[in-house]
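Right, one structure below, let's go through it.
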Amino acid sequence: MALDKSYRDIPGTTIFDADMARQGFALNQFSLSLMKAPNRERFKADERAYLDEWPMTEEQKQAVLARDYNRMMALGGNIYFLAKIFSTDGLSFQYAAATMTGMSQDEYRDMMLAGGRSPAESQHKEESSDG
Amino acid sequence: MARINASVYSSHVPAIGAAIDNDKTGEDYWKPLFAGYEYSKQWIVEQKPDVVLLVYNDHATAFDANFVPTFAIATGEEFQPADEGWGPRPVPVVKGHPQLAAHIAQSVIQDDFDLTVIHNLDVDHGLTVPLSLMFGQPEAWPCLVIPIAVNVVLYPPPSGGRCYALGKALRRAVESFDEDLNVQIWGTGGMSHQLQGPRAGLINQAFDNAFLDCLVTDPETLAKKPHIDYVRLAGSEGIELVMWLIARGAMNDDVEQKHRFYHVPASNTAVGHLILENR
Ligand SMILES: [Fe+2]
């Protein structure tokens, strides 16, 4: 019997389940390697060469080079692992979250100060396409 | 014998730790948040816990993608604040209680909870931010801490019901330990937040406040809330809240609420905080 994956209809959200973790394993381990300063230095010196040391797909490597976090998550990345990439870039969680929403950092910060994204707007994919 | 007398619940947002470490607690953005913990700092000085069972989750810090224990307990002498990519937090080393931790591990495994047993564990903001919120910036933490790590990163985390039942098993374990100890259990993480994807920034104040109400008065019902409700209504990272059920499960059904606080936002997250004592 198929597993219940009803969370797939939550708009704008990728749930990091065991199947995603399997696909994203090398991407996530690469990200984690950036917690060590010498690895950060090597990555910054030549991103492509550092990425080529990891058994990642070409798509995953391109997503990292483009800092496309939504794409990285679609390919099995998890945000807590990917956080090591934007930390290496010297960027905050709020900055990274803003880029994933397509908002500027100021717009995103103002939304949070005003109480965050409304839960009413975004619970099911059908609803979000209505409005 | 050892006894669990009280429980503390709190979000563990990393930006709160950064605000404390960088002396920003007096800034307008942070003032209301820290005001919500003033009572708690007084309260804990009077309570003087000997040991805190600190339920938290690791955020891709000590656990990589290769090992994902659903529930784990750490039995080491001490735990270093982890380097999460920008240097370790400037906070004291966390001292464990190896004998009690080993006792708990053996007791709960025989009680049908198959905990992973860890010796050395670097502890990230999930564990150290609540300590900072409750104790401020001491030279040394004034109590021993047993880390209890829960997977909430890889879906699915343990169910609410399983977390609640683990709390009950932890209580039985503590109460079968001969030494007289004043033990607290803390549940951390949450409240509503989503850190990823186009829906990042989600906050659900109605969900959070209903959760706080229900945790105090009807945890049995709350423990039945399915995962999908958390992720849909409280955001993909809001599911951390299942960890609060472990602490609540270790308490009496009938508790006294000593303190309650709620604030939006801390960075991307809604902050909730409760102190409950057994009646
Ligand atoms: Fe967390």
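Just so it is clear: chains get the letters A, B, ... in the order the sequence lines come, proteins before strands, and each one is counted from 1. Bear in mind the structure is a predicted one, so any value in this text is a computation, not a measurement.
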Of the listed residues (V68(B), V153(B), D83(B)), which shares the most heavy-atom pairs with chain A below a 4.5 Å separation? V153(B)
If I take atom CZ from residue F16(A) and atom CG from residue L154(B), how far apart are they, to the nearest 0.5 angstrom? 5.5 Å
Go through the steps to decide whether Y108(A) and N268(B) satisfy the test side-chain hydrogen bond (donor to acceptor under 3.5 Å, both in side chains), and finish with yes or no. CA-CA 9 Å; Y108(A) 183 87; N268(B) 300 286; 2.7 Å; yes
I10(A)/I228(B) under side-chain contact (heavy atoms from CB on, under 4.5 Å): CA gap, chis, key distance, verdict: CA-CA 9 Å; I10(A) 304 173; I228(B) 186 69; 4.3 Å; yes
Where on M111(A) is there a heavy atom nearer than 4.5 Å to chain B: the side chain, the backbone, both, or neither? side chain
Checking heavy atoms, do the side chain of L113(A), its backbone, both or neither come under 4.5 Å from chain B? both
All N/O donor-acceptor pairs, side-chain side in residues 202-213 of chain B, below 3.5 Å, sequence neighbours left out:
from: N204(B); atom 1: OD1; to: A206(B); atom 2: N; distance (Å): 3.4
from: N204(B); atom 1: OD1; to: F207(B); atom 2: N; distance (Å): 3.0
from: N204(B); atom 1: ND2; to: L233(B); atom 2: O; distance (Å): 2.9
from: D208(B); atom 1: OD1; to: S192(B); atom 2: N; distance (Å): 3.1
from: D208(B); atom 1: OD2; to: S192(B); atom 2: N; distance (Å): 3.4
from: D208(B); atom 1: OD2; to: S192(B); atom 2: OG; distance (Å): 2.7
from: D208(B); atom 1: OD2; to: Y262(B); atom 2: OH; distance (Å): 2.5
from: N209(B); atom 1: OD1; to: R260(B); atom 2: NH2; distance (Å): 3.2
from: N209(B); atom 1: ND2; to: Q205(B); atom 2: O; distance (Å): 2.9
from: D213(B); atom 1: OD1; to: R260(B); atom 2: NH1; distance (Å): 2.6
from: D213(B); atom 1: OD1; to: R260(B); atom 2: NH2; distance (Å): 3.1

So which heavy atom on P265(B) is nearest to which on M112(A), and how close? CG-O, 3.3 Å
Can you list every pair that meets side-chain hydrogen bond (donor to acceptor under 3.5 Å, both in side chains) and has a residue in residues 84-102 of chain A, with sequence neighbours left out? R67(A)-D89(A)
To the nearest 0.5 Å, how far apart are NE2 in H193(B) and CZ in R117(A)? 15.0 Å
Quick one about T13(A) and Q196(B) (side-chain donor to acceptor, distance below 3.5 Å, no hydrogens or angles considered), yes or no? no
For E77(B), does the CD atom sit with more than 12 other heavy atoms under 6.0 Å from it, leaving out its own atoms? no
Which residues in residues 59-67 of chain B have any heavy atom lying under 4.5 Å from a heavy atom of chain A? H59(B), A60(B), T61(B), F63(B), D64(B), A65(B), N66(B)
For a 4.5 angstrom cut-off between non-hydrogen side-chain atoms, does I79(A) reach E237(B)? yes
OH on Y155(B) to NZ on K5(A), rounded to 0.5 Å: 10.0 Å
Please list all pairs passing the side-chain hydrogen bond (donor to acceptor under 3.5 Å, both in side chains) test where one or both residues lie in residues 219-231 of chain B, with sequence neighbours left out. D218(B)-T221(B)
